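Quick caveat: nothing in here was measured; it's all calculated off a predicted structure. Proteins get letters first, then strands, A, B, ... in listed order; numbering begins at 1 in each.
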Amino acid sequence: MNISASNHGDSFRRLAIVIPVILIILIFLFILDLLTGSVNIPPDAFIKMLTGGDVKTTWVNIFWDWRLPKAITAAFAGGALALSGLLMQTFFRNPLADPYILGISSGASLGVALVMLSAGACGVGAIFATIGFIGDLSISVAAIIGSFAVLALILAISSKIKSNITILILGIMVSYISGAIVTILLQFSDESSMHSYTAWTFGSFSGVTWGQIPIMMILLLAGFILSICSVKSLNALLLGEQYAESMGMNYKTIRTVIITNTALMAGVVTAFCGPIGFLGIAVPHLCRAMFVTGDHRILVPGCIIVGGIIALCTDIISHLPGTDIILPLNAITALFGAPVVIWVIVRGTKFGRGVTT
Amino acid sequence: MNGDSILTCNNLTIGYRNQKSITKEVSKDLNLTLKRGELVCLIGPNGAGKSTLIRTITGIQPPLCGDVWLCDKKIEDHTPDEKAKTLSVVLTSPIEAGYLTAFDIVALGRFPYTNWAGNLTDSDRDIVISALASVGAKELTRRFIHEMSDGERQKVMIARALAQEPEMMVLDEPTAFLDLPHKIETMRILRTVARKTSKSILLSTHDLNLAIRCADQLWIINRAGNMISGVPEDLVLSGIFGSAFEIDGVYFDTIRGEFTIPVEKRGTFSLSAPESIEKIWTLYALERIGYTPATGPEGDIRITIGNNGGAPEWDILIEGSAKKCSSISEIIECLSTSGRGGGPN
């Protein structure tokens with residue numbers, strides 16, 4: 001009894017200590033992300049703004065119209081990417097799986113490329129060039145259509161086949177095909193639309209308007225709740241599909257839930273922020289190491305919070321506080337993410353959780 | 001249905017249905033019964049259909065013909081939940097989950113009983129702990145699975161299957177990858193579980209010697225896909241056991257109950273000694289290098305085991321010359337240099 005209580009309390013007790021800490025870090029970074037950027041808002045002005053005091057109008061505008069939606073987007077998108085990465089790593093039992101492994105972001109990229117580049121070829125590109133891609137709803141719609149087309153394809157084929165390795169290969173093939181089409185489109189598009197497209201692939205949390213925020217939040221919250229509801233099956237899947245089925249889990253249903261949920265979260269994030277890499281692969285590993293457990297009852301909430309933290313960090317860094325320079329978000333996430341992935345590979349040999357085969 | 005039987009197969013045909021009409025029968029007309037508290041070893045050469053039978057019995061693969069009854073219900077009529085509470089498995093595939101303790105793994109066995117989040121109640125915890133205790137893995141409770149040896153991992157997986165509180169456990173080659181002491185330990189654990197908790201256990205194995213010693217019943221599939229079942233000793237006595245596995249150069253020693261390598265005959269011996277452990281192993285050593293017991297009064301060599309101040313001493317009479325040896329190694333040396341039966345080795 002004592003062993004059981006203390007044992008099982010272990011990871012949960014650690015969670016009870018760590019969760020408040022990381023929540024405080026999340027809130028701190030959220031505020032920091034609001035205050036820093038090309039124009040740094042001093043903390044006392046921030047407090048005045050919240051309490052209704054009199055502050056410079058430019059600061060108020062920057063704060064409400066620019067920084068707040070950006071910070072909300074970063075917190076949610078980071079959590080969603082980390083969570084969908086966790087789902088994919090558990091589902092494929094592969095430590096190098098990421099949210100885009102199903103080809104979701106490739107589908108989204110193809111949708112966006114079709115809108116941006118074919119419009120350019122038809123001479124409508126000037127419109128996009130003048131408006132700029134940021135905040136353009138048609139881009140998000142194109143990305144969502146693209147990712148759900150891939151989702152539909154994956155689900156249709158997966159209902160016929162049993163092996164999830166086949167789904168993995170299918171996703172990679174879809175990525176290649178859409179990459180090829182995008183390349184062809186790029187070849188025939190004019191420079192400005194090519195630039196818009198490239199800028200979109202850099203990823204950014206800044207493009208979401210207040211009008212889009214509720215849609216994004218509702219969809220991602222649905223994804224979070226769906227993930228929390230599948231923690232038990234995710235834990236069972238750690239032992240592999242056959243064990244999970246032998247314990248009474250309905251594999252086909254869970255597979256559909258996990259794939260759809262991943263596509264939902266990764267698709268929505270890609271639609272609003274572009275294809276943001278590395279967060280999804282790196283954060284689940286960070287969480288496993290932080291909480292020292294593979295239990296999804298801890299990892300799911302952990303990934304949501306830590307994902308948000310890392311996304312806010314990268315956003316703050318990419319805006320290089322005090323300067324006008326904005327670095328591509330994907331460059332920053334990769335600079336953070338790649339060392340984590342290297343660590344996973346090196347660690348894999350030590351613990352027998354090898355990456356190869 | 002016999003009230004005491006957990007699993008019954010009636011005229012079962014197992015195999016694969018590839019296309020609409022093409023079927024590949026692996027084995028047919030199987031009538032098998034597994035009683036409560038019984039340990040059954042399923043043995044047979046590679047490719048004979050052990051895995052197919054296990055997959056059919058556990059309901060992963062439908063039978064081509066006939067049916068499998070699990071506790072008064074056809075296997076396919078059980079809901080996934082009911083089946084999980086009646087039947088648990090230990091598979092050959094290794095577990096590669098990182099950052100899971102033995103407790104976490106065994107707790108997953110409570111899957112059919114826990115709520116939507118998989119939270120354990122106090123009684124669930126007790127069951128997990130007692131499952132770990134009954135496989136002798138209590139000290140592993142807090143260790144991570146990726147830090148364990150194969151033997152420890154196998155114990156944890158057996159505990160997980162136990163925590164599922166089934167009527168029957170099916171294990172696919174649980175002793176593969178283990179060294180001999182751990183093979184024996186695993187079998188001992190399984191036999192104790194079968195006796196104490198009166199669960200039925202079916203396991204496939206390649207360790208024939210172990211299977212003969214441990215099983216209440218053997219199910220043997222031979223290369224042709226024919227199934228013979230029975231008590232191990234009966235199968236040995238009727239010669240079925242040996243004939244199912246003997247291949248060129250290997251034969252079944254019905255006296256010792258194990259497979260041995262035939263050796264080139266070099267001569268006969270007579271051994272006079274009191275019944276002792278030394279006598280038995282001297283006998284084995286002589287057989288190993290190719291000597292058989294003499295049928296007449298005197299063999300080619302004569303050996304007497306004596307005692308020299310507490311240590312055993314062997315007196316050897318070979319071709320009229322006598323020699324004293326203090327170990328079996330010396331006897332073998334002495335026999336191979338004596339010129340009988342060819343040179344060394």
Side-chain angles (χ1 to χ4, degrees), chain A residues 1-12 89-90 93-95 162 228-253 284-285 287-300 344 347-348 350-355 357, chain B residues 55 58-60 78-85 87-91 93-105 107-120 122 124-130 132-133 138-139 141-142 144-148 157 160-161 164 166 170 172:
Chain A
M1 264 315 282
N2 278 333
I3 299 171
S4 72
S6 62
N7 174 284
H8 216 69
D10 240 23
S11 5
F12 282 101
Q89 288 175 4
T90 301
R93 293 173 81 199
N94 186 333
K162 210 166 156 59
I228 290 168
C229 291
S230 27
V231 285
K232 185 177 172 184
S233 299
L234 286 168
N235 279 340
L237 276 175
L238 287 175
L239 297 182
E241 175 202 333
Q242 279 185 305
Y243 272 118
E245 271 196 312
S246 83
M247 296 188 289
M249 191 192 85
N250 188 334
Y251 182 69
K252 280 199 166 162
T253 313
H285 292 296
C287 287
R288 283 189 201 99
M290 266 172 70
F291 301 113
V292 205
T293 185
D295 189 338
H296 287 83
R297 283 173 293 171
I298 294 161
L299 288 181
V300 166
V344 170
R347 167 187 153 275
K350 196 175 163 192
F351 290 108
R353 203 197 156 141
V355 173
T357 60
Chain B
R55 289 168 62 83
T58 52
I60 295 171
H78 284 275
T79 65
D81 211 43
E82 272 175 0
K83 203 173 102 184
K85 288 176 181 174
L87 176 80
S88 70
V89 295
V90 175
L91 303 166
S93 57
I95 295 305
E96 286 188 357
Y99 288 120
L100 283 182
T101 61
F103 185 92
D104 294 334
I105 299 263
L108 284 174
R110 301 302 297 160
F111 188 95
Y113 305 91
T114 52
N115 65 1
W116 66 272
N119 288 333
L120 301 176
D122 281 346
D124 284 328
R125 280 202 191 91
D126 290 346
I127 290 163
V128 171
I129 290 299
S130 72
L132 276 162
K138 214 166 177 175
E139 74 285 354
T141 309
R142 308 182 65 166
F144 284 114
I145 191 93
H146 60 246
E147 297 169 345
M148 289 181 199
M157 293 319 287
R160 191 212 60 85
Q164 215 172 310
V170 176
D172 195 3

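Atom NZ of Lys232(A) is separated from atom CZ of Arg110(B) by 10.5 Å, given to the nearest 0.5 angstrom. Considering CG of Leu238(A) and CG of Leu108(B), their distance stands at 7.0 Å, rounded to 0.5 Å. Atom CG of Leu299(A) is separated from atom OH of Tyr99(B) by 10.5 Å, given to the nearest 0.5 angstrom.
The greatest number of non-hydrogen atom pairs below 4.5 Å with chain A, out of Glu82(B), Met157(B), His78(B), is found for Met157(B). Put simply, of Ile145(B), Thr79(B), Asn119(B), the one with the most heavy-atom pairs under 4.5 Å next to chain A is Asn119(B).
Put simply, the side chain of Val292(A) reaches to within 4.5 Å of the side chain of Phe144(B), judged on heavy atoms. With a 4.5 Å cut-off on side-chain heavy atoms, Arg160(B) and Leu239(A) count as touching. Contact check for Glu245(A) versus Ile60(B): no side-chain heavy atoms found under the 4.5 Å cut-off.
In this structure a side-chain-to-backbone donor-acceptor pair under 3.5 Å is present from Tyr243(A) to Leu91(B). Put simply, the side chain of Gln164(B) gets close to the backbone of Ser246(A): a donor and an acceptor are under 3.5 Å apart.
Shown here for Met247(A) and Pro112(B), the closest heavy-atom pair between the two residues is O-CG, 3.6 Å. When every heavy atom of Gly248(A) is checked against every heavy atom of Ala84(B), the shortest pair comes out as N-CB, 3.7 Å. For the residue pair Phe111(B) and Ala236(A), the shortest heavy atom distance occurs at CE1-CB, 3.6 Å. Between Ile228(A) and Trp116(B), the shortest heavy-atom distance links the atoms O-CZ3, 3.4 Å.
For a residue to count as touching a neighbouring chain, one of its non-hydrogen atoms must lie under 4.5 Å from one of that chain's; by this rule Thr58(B) does not touch chain A. Residue contact with chain B, scored on non-hydrogen atoms closer than 4.5 Å, involves the backbone and the side chain of Ala289(A) alike. Residue Leu234(A): no heavy atom, backbone or side chain, is found under 4.5 Å from chain B. For Val90(B), the parts lying near chain A are the backbone and the side chain together; criterion is any non-hydrogen pair under 4.5 Å. Looking at Asn115(B), the atoms closer than 4.5 Å to chain A (heavy atoms on both sides) all sit in the backbone: N, CA, C or O.
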